[in-house]
Amino acid sequence: MAGEQSRSSRIRGTGKRRKEPEPGGRPKALTATAWAAAGVVLLGGTGLGYVYFKLNGNLKGVDINTQLGGDRPDDVDNGSLDILVLGSDSRSGDNAEYGEDEGGARSDTAMVMHVYEGRKKASVVSIPRDTLIDRPACASDSGGGTVPGAGHQMFNTAYEVGGPACAVKTVEKMSGIRMDHYVEVDFTGFKKLIDDLGGVEITTRQAIDDGKSHLHLKPGTHTLDGEQSLGLVRTRKSVGDGSDLGRIQLQQAFMKALINQVKDVGVLTSPKKLYDLADSTTRTVTTDSDLASVNELVSFAGGLKGIGAGDMKMVTLPVQYDPADPNRVLPLRRQSQQVWDALRQDRPVPASATKDSAGDKGDAGKVVQSG
């Protein structure tokens, strides 16, 4: 009805308008491509009602707005967009082959994507899963009750104890930035999406031989399938200093290769490939409830398509190794605040913010480059 606002255009309980993406030009990343593909399926002609309802029925949404209520940073509507992207390391179900399920999933990969006003550039801040932080009190993800807040906790335990809403709350407390959206992909979903895209071409500058991730690659150019791609983004022991920070550098290098690859994938020439991509994406991606419909995903993707690999600045949250435990890292307070302040003000992250960070050192990211 004219004059009405959709659920996704207004934040519940605040009366503020949500920052909406603007139209763009070409694919940006894996999830955006899949959503755009879904849009082509839906808009490509008549007689596709069944496809619409099937894809819509695949989607899983989490009502983070209701769960967190008013205990959140203000929504500063400066034309930008902030998205928390998580990779889940649950070992249950189809993911059991990657290790024993120890009672709950954790956020194996966490990135805050800040899309600048105009939707032409973005910054991505990777948060190491081993970062020791003050975790806020969260509703329990196991049903009923509240998990008390606690200090000196690993970042990825937020997801473990309180699910997506607690992960969002923790990031918002750390950054002072309200997340507009939440996107989660698990191991199995990641593999399927890569396979549906036809793989990702990379070049390795040195051999990778990692027994933990089961990845074995000689130096040279490779087209990685889903299983190999998952192995690459989980590799840590055989590159760099063997830490999670080196693994993050690999993930960032792989994402750039993936973005470059996506724009060349001929999904539009193959209806089956197009449908498989849209189907697997909607089956394996969990989003906030405002994105949990095909129409909203298509609109969201349309606002990101103008961002290519060269338009994206990737950094790791400034950290130092914990003197008490080299397997953990501590945020560098001043530099971390510089990062979050820059994003909040819709400005580029200054180079000085990451200059002395442990995450900005090492050469793991140089091991992999676009094919």
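For clarity, every value in this text was computed on a predicted model and none was experimentally measured.
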*Is a salt bridge present between Asp195 and Lys192, judged by a nitrogen-to-oxygen distance below 4.0 Å?*
no
*Would you say the side chain of Ile202 lies within less than 4.5 Å of the side chain of Leu224, judging by non-hydrogen atoms?*
yes
*Just by distance, do the side chain of Ser357 and the backbone of Val319 share a donor-acceptor pair under 3.5 Å?*
yes
*Roughly how far apart are Met314 CE and Ile248 CD1, rounded to 0.5 Å?*
11.5 Å
_Closest non-hydrogen atom pair between Pro350 and Ala342, with its separation_ = CD-CB, 4.0 Å
*Begin from the C-alpha positions of His114 and Val125 and carry the test side chain to side chain contact (heavy atoms under 4.5 Å, CB included) through to its verdict.*
CA-CA 8 Å; His114 179 83; Val125 181; over 6 Å; no
*Hey, is the main chain of Ala137 close enough, under 3.5 Å, to the side chain of Lys169 for a donor-acceptor pair?*
yes
*Evaluate whether atom NZ of Lys60 has more than 12 neighbouring non-hydrogen atoms of other residues, nucleotides or ligands under 6.0 angstrom away.*
yes
*Please examine the side chains of Met113 and Leu81, heavy atoms only from C-beta on, and report whether any two atoms are closer than 4.5 Å.*
no
*asked:* Using 0.5 Å steps for rounding, measure from the CG atom of Leu343 to the CG atom of Asp82.
replied: 6.5 Å
*Would you say the side-chain atoms of Ser336 pair up with the backbone N or O of Pro318, donor to acceptor, closer than 3.5 Å?*
yes
*pair Phe300-Ile83: side-chain heavy atoms closer than 4.5 Å*: yes
*Taking atom CD of Glu117 and atom CG of Asp346, what is their separation to the nearest 0.5 Å?*
6.0 Å
*What distance separates Phe155 CZ from Met174 CE, expressed to the nearest 0.5 Å?*
6.0 Å
*Any side-chain heavy atom of Asp244 sitting closer than 4.5 Å to one from Arg236?*
yes
*Just wondering, do Met154 and Arg328 contact through their side chains at under 4.5 Å, heavy atoms?*
yes
*Can Asp134 and Lys173 be counted as an ion pair, charged N to O under 4.0 angstrom?*
no
*Counting distance only, does the side-chain N/O of Thr170 pair as donor-acceptor with the main-chain N or O of Cys166 below 3.5 Å?*
yes
*Asp288 and Asn65, any side-chain heavy atoms less than 4.5 Å apart*: no
_Short side-chain donor-acceptor distance under 3.5 Å, Thr109 and Gln251_ = yes
*Do Val161 and Arg135 pass the side chain to side chain contact (heavy atoms under 4.5 Å, CB included) test, and can you show the C-alpha distance, the side-chain angles, and the key distance before you say yes or no?*
CA-CA 10 Å; Val161 303; Arg135 191 186 66 224; 3.9 Å; yes
*Is a donor on one side and an acceptor on the other found under 3.5 Å between the side chain of Asp322 and the backbone of Leu330?*
no
_Any residue meeting salt bridge (Lys or Arg N to Asp or Glu O under 4.0 Å) with Lys121, in chain and number order, not counting sequence neighbours_ = none
*No-hydrogen, no-angle side-chain donor-acceptor test under 3.5 Å, Tyr116 and Ser123*: yes
*Answer yes or no: are there more than 12 heavy-atom neighbours, outside His152 itself, under 6.0 Å from its atom NE2?*
no
*For the residue pair Asp75 and Asp180, establish whether any side-chain heavy-atom pair is separated by less than 4.5 Å.*
yes
*State, to 0.1 Å, how close Ala353 and Val339 come at their nearest heavy-atom pair, and which atoms those are.*
CB-CG2, 3.8 Å
*Counting N and O atoms only, with roles assigned by atom type, does the side chain of Gln252 sit under 3.5 Å from a partner on the main chain of Val315, one being a donor and the other an acceptor?*
yes
*Distance from Thr354 atom OG1 to Leu317 atom CG, nearest 0.5 Å?*
10.5 Å
*asked:* What's the separation between atom CZ in Arg247 and atom CZ in Arg234, rounded to the nearest 0.5 Å?
replied: 9.0 Å
_Polar contact flag, side-chain donor to acceptor under 3.5 angstrom, Thr316-Ser126_ = no
*asked:* I need the minimum non-hydrogen distance between Val115 and Arg119, along with the two atoms involved.
replied: CG1-CD, 3.4 Å
_Please find the pair of heavy atoms, one from Pro128 and one from Leu245, that lie closest to each other, and give the distance._
CG-CD2, 3.7 Å
*Closest non-hydrogen atom pair between Thr223 and Gln228, with its separation*: O-OE1, 3.7 Å
*Identify which one of Val85, Val171, Leu86 satisfies the side chain to side chain contact (heavy atoms under 4.5 Å, CB included) criterion when paired with Tyr182.*
Leu86
*Within the distance-only criterion (no hydrogens, no angle test), does the side chain of Asp325 pair as donor or acceptor with the backbone N or O of Asn327 below 3.5 angstrom?*
yes
*Atom of Ser352, atom of Gln338 and distance for their closest heavy-atom approach*: OG-NE2, 3.5 Å
*Hey, any chance Ile177 and Leu332 share a hydrophobic cluster, counting ILVMFWY side chains that come within less than 4.5 Å of each other, even indirectly?*
no
*Step by step, work out the side chain to side chain contact (heavy atoms under 4.5 Å, CB included) result for Val62 and Thr286.*
CA-CA 7 Å; Val62 180; Thr286 299; 3.8 Å; yes
*Establish, from distance only, whether the side-chain atoms of Ser80 and Asn78 form a donor-acceptor pair under 3.5 Å.*
yes
_Looking only at side-chain N and O atoms, does Asn58 offer a donor or acceptor that is under 3.5 Å from a partner on Asp279?_
yes
_Name of the residue among Arg205, Gln249, Gln206 meeting side chain to side chain contact (heavy atoms under 4.5 Å, CB included) with Val367_ = Gln206
*Would you sort out whether Glu296 and Asp290 count as a side chain to side chain contact (heavy atoms under 4.5 Å, CB included), showing the intermediate values?*
CA-CA 7 Å; Glu296 295 297 339; Asp290 286 345; over 6 Å; no
_Is there a side-chain contact between Glu172 and Leu68 in this structure, where contact means two heavy atoms from C-beta onward sitting under 4.5 Å apart?_
yes
